[in-house]
There are 2 protein chains.
Amino acid sequence: MSQRSRQIPEATVARLPVYLRSLAELVDEKTSTVSSERLAEMAGVNAAKVRKDLSYLGSYGTRGVGYDVEYLLFQMSRELGLTHDWPVAIVGAGNLGSALANYGGFTQRGFPVVAMFDSDRQKVDNLIHGVRVFHTDDLASTASKLGVGIGVIATPASAAQDAADKLVAGGVGSILNFAPTVISVPEGVSLRKVDLALELQILSFYQEHRESSE
Amino acid sequence: MSQRSRQIPEATVARLPVYLRSLAELVDEKTSTVSSERLAEMAGVNAAKVRKDLSYLGSYGTRGVGYDVEYLLFQMSRELGLTHDWPVAIVGAGNLGSALANYGGFTQRGFPVVAMFDSDRQKVDNLIHGVRVFHTDDLASTASKLGVGIGVIATPASAAQDAADKLVAGGVGSILNFAPTVISVPEGVSLRKVDLALELQILSFYQEHRESSE
DNA sequence: GTGATCTTGTGAATACAAGCACTAGCGTCG
DNA sequence: CGACGCTAGTGCTTGTATTCACAAGATCAC
């Protein structure tokens with residue numbers, strides 16, 4: 001059963017949510033069928049890529065017609081694991097952590113924040129946007145008890161690796177890291193990062209090189 | 001002069017800031033020389049990749065010895081365009097935009113926020129973390145006047161494309177998009193995106209598939 | 001029904017990235 | 001001063017992702 005679908009390439013997985021959003025828009029505007037070309041335009045990619053990406057999910061299109069929007073949306077949600085909620089824990093109750101907790105979009109999209117953690121005992125037992133703050137000493141056990149699947153690291157860089165280790169110890173399988181540092185996790189744990197400074201520096205590179213060539 | 005260095009691959013550019021951070025750490029701990037192996041470990045990549053990446057910048061290492069930390073740091077900063085500031089404008093003075101403006105890290109790292117823009121006249125002329133809010137009607141002209149190089153889009157999805165268009169009209173060459181939507185920019189303008197929901201959904205995919213195979 | 005027109009699904013070609021494994025050069029130690 | 005050990009630089013192989021281009025299936029008009 002685990003081998004239901006051939007391995008989906010990483011690059012494809014990263015694009016599925018973009019298609020998903022496009023499909024949601026199409027539903028909103030009551031469009032029932034969509035071609036790979038239209039979907040490609042909405043997602044900002046090439047049509048052949050859309051078709052190949054979607055073909056990994058199965059043959060859900062109809063030649064000469066296109067894809068049924070609702071059906072594809074459902075299949076994709078299922079594939080992405082969005083048909084049920086994924087409890088999320090946020091480590092670090094500072095500016096960023098609080099901002100993330102306050103940002104309603106999480107829960108709304110199926111990622112309810114069920115706990116926050118901080119090493120500052122002053123913050124422990126506070127409620128942030130209705131979410132209770134626990135001490136990081138209790139991270140692993142609490143995360144495990146609450147069935148946390150995804151951990152978000154919003155600590156300073158120096159505490160990030162420790163946070164990751166504790167999350168993993170608590171059985172968390174996926175980590176989203178906002179701390180500006182490289183962290184390592186055991187094989188089998190998924191890790192993605194969001195790093196502002198890094199993004200700006202990449203843009204700076206291209207900015208610099210564009211200027212010098214004009 | 002613009003052809004000083006052979007074209008640096010995108011994947012390499014995206015890693016340079018990671019090396020840069022590692023080098024900064026090494027300077028802090030007073031290390032004067034570093035091998036590709038050590039740097040690879042710090043950056044979480046393979047040593048051969050480090051050497052290849054650095055070789056695009058020039059031959060700054062010494063065989064049998066390694067790289068001089070300070071010298072490499074300098075060269076890399078230069079290449080990344082970090083030897084001077086890049087004025088940044090933030091479009092959207094809502095929760096996210098304000099949080100970004102309040103986050104000191106920007107200015108500190110050479111990306112001073114020189115202006116914010118919002119379509120809500122109530123917010124115009126407010127100061128957020130010392131940064132004045134302008135109306136989006138004046139976006140292009142103000143951005144141009146202030147010499148903004150990088151624009152950050154922190155608007156709702158529906159306003160993002162318009163914000164991008166105005167930034168481009170104002171001469172902005174690089175855009176960092178936080179809005180959960182695909183935006184398009186003319187050739188020659190750099191575009192990167194940061195999208196929370198998307199990251200969580202990608203993690204959800206792997207989470208889902210890990211579970212089903214255990 | 002048959003031909004014209006779409007649009008998917010996919011094999012093959014191309015482009016890009018990663019990693020290995022070797023070579024060249026530097027420093028050091030005996 | 002010669003041999004050895006270390007480490008950068010890089011050609012080549014392998015793997016992955018993108019794109020092209022076309023055949024196969026579906027619909028529609030008449």
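Numbered from 1 within each chain, the chains take letters A, B, ... in sequence-line order. Fair warning: this is a prediction, and the values are worked out from it, not measured in the lab.
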Inset, instruction - Look at A:Ser36 and C:dT7 and indicate whether a side-chain polar atom (N or O) is within less than 4.0 Å of OP1 or OP2. - result: no
Inset, instruction - Send over the distance from B:Glu37 CD to C:dG19 C1', rounded to a whole Å. - result: 14 Å
Legend entry - A:Leu82 and A:Leu20, any side-chain heavy atoms less than 4.5 Å apart: yes
Legend entry - A:Glu41 CD to C:dT7 C1', straight-line distance once rounded to whole Å: 16 Å
Inset, instruction - For B:Arg210 and A:Ser174, run side chain to side chain donor-acceptor pair (under 3.5 Å): C-alpha distance rounded to whole Å, both residues' side-chain angles, the deciding distance at 0.1 Å, then the answer. - result: CA-CA 10 Å; B:Arg210 177 169 24 242; A:Ser174 296; 3.2 Å; yes
Legend entry - Footprint string (nucleotides 24-30 of chain C, 5' to 3'): B base within contact, S backbone only, - free, heavy atoms under 4.0 Å: BBSS---
Inset, instruction - Would you mind reporting whether B:Val113 and B:Val152 have side-chain heavy atoms less than 4.5 Å apart? - result: no
Legend entry - Nearest-Å distance for atom pair CG/C1', residues B:Leu57 and D:dG9: 13 Å
Inset, instruction - Please determine if a side-chain N or O atom of A:Tyr56 lies less than 4.0 Å away from the OP1 or OP2 oxygen of D:dA17. - result: no
Inset, instruction - In whole angstrom, give the distance that lies between atom CG of A:Leu39 and atom C1' of C:dG9. - result: 15 Å
Inset, instruction - Return the residues of residues 20-32 of chain A meeting this criterion: a heavy atom under 4.0 Å from some atom of DNA chain D. Order them by number, or give none. - result: none
Pairs under 3.5 angstrom, nitrogen or oxygen only, protein versus nucleotides 16-18 of chain C, please.
| from | atom 1 | to | atom 2 | distance (Å) |
| --- | --- | --- | --- | --- |
| C:dA18 | OP1 | B:Arg15 | NH1 | 3.3 |
| C:dA18 | OP2 | B:Arg15 | NH1 | 3.2 |
| C:dA18 | OP2 | B:Arg15 | NH2 | 3.1 |

Inset, instruction - List the steps, then state whether side chain to side chain contact (heavy atoms under 4.5 Å, CB included) holds for B:Phe117 with B:Thr142. - result: CA-CA 10 Å; B:Phe117 297 95; B:Thr142 307; 3.8 Å; yes
Legend entry - Contact nearer the 5' end of DNA chain D, comparing B:Arg51 with A:Arg51: B:Arg51
Inset, instruction - Classify the ring geometry between A:Phe205 and A:His209 as parallel (under 30°), tilted (30 to 60°) or perpendicular (over 60°). - result: parallel
Legend entry - Among D:dG9, C:dT10, C:dG19, the one nearest B:Asn46 by side-chain distance: C:dG19
Inset, instruction - Check whether any side-chain heavy atom of A:Val88 sits under 4.5 Å from a side-chain heavy atom of A:Thr107, and report yes or no. - result: no
Inset, instruction - Take the protein atom OH of B:Tyr67 and the nucleotide atom P of D:dC6, then report the distance between them rounded to whole Å. - result: 18 Å
Legend entry - Heavy-atom side-chain contact between B:Tyr19 and B:Leu72 under 4.5 Å: no
Legend entry - Parallel, tilted or perpendicular: rings of B:Tyr71 and B:Tyr60 (30°, 60°): perpendicular
Inset, instruction - Look at the side-chain N and O atoms of B:Ser59 and state whether any lies under 4.0 Å from the OP1 or OP2 oxygen of D:dG9. - result: yes
Legend entry - Between CG on residue A:Leu139 and CG on residue A:Asp118, distance to nearest 0.5 Å: 10.5 Å
Legend entry - Sugar-phosphate only, base, or nothing, as touched by B:Val34 at under 4.0 Å among non-hydrogen atoms: sugar-phosphate
Inset, instruction - Determine whether B:Pro87 and B:Leu146 make a side-chain contact, defined as any pair of heavy atoms from C-beta on separated by less than 4.5 Å. - result: no
Inset, instruction - May I ask you to test the B:Leu26-B:Leu73 pair for a side-chain heavy-atom distance under 4.5 Å? - result: no
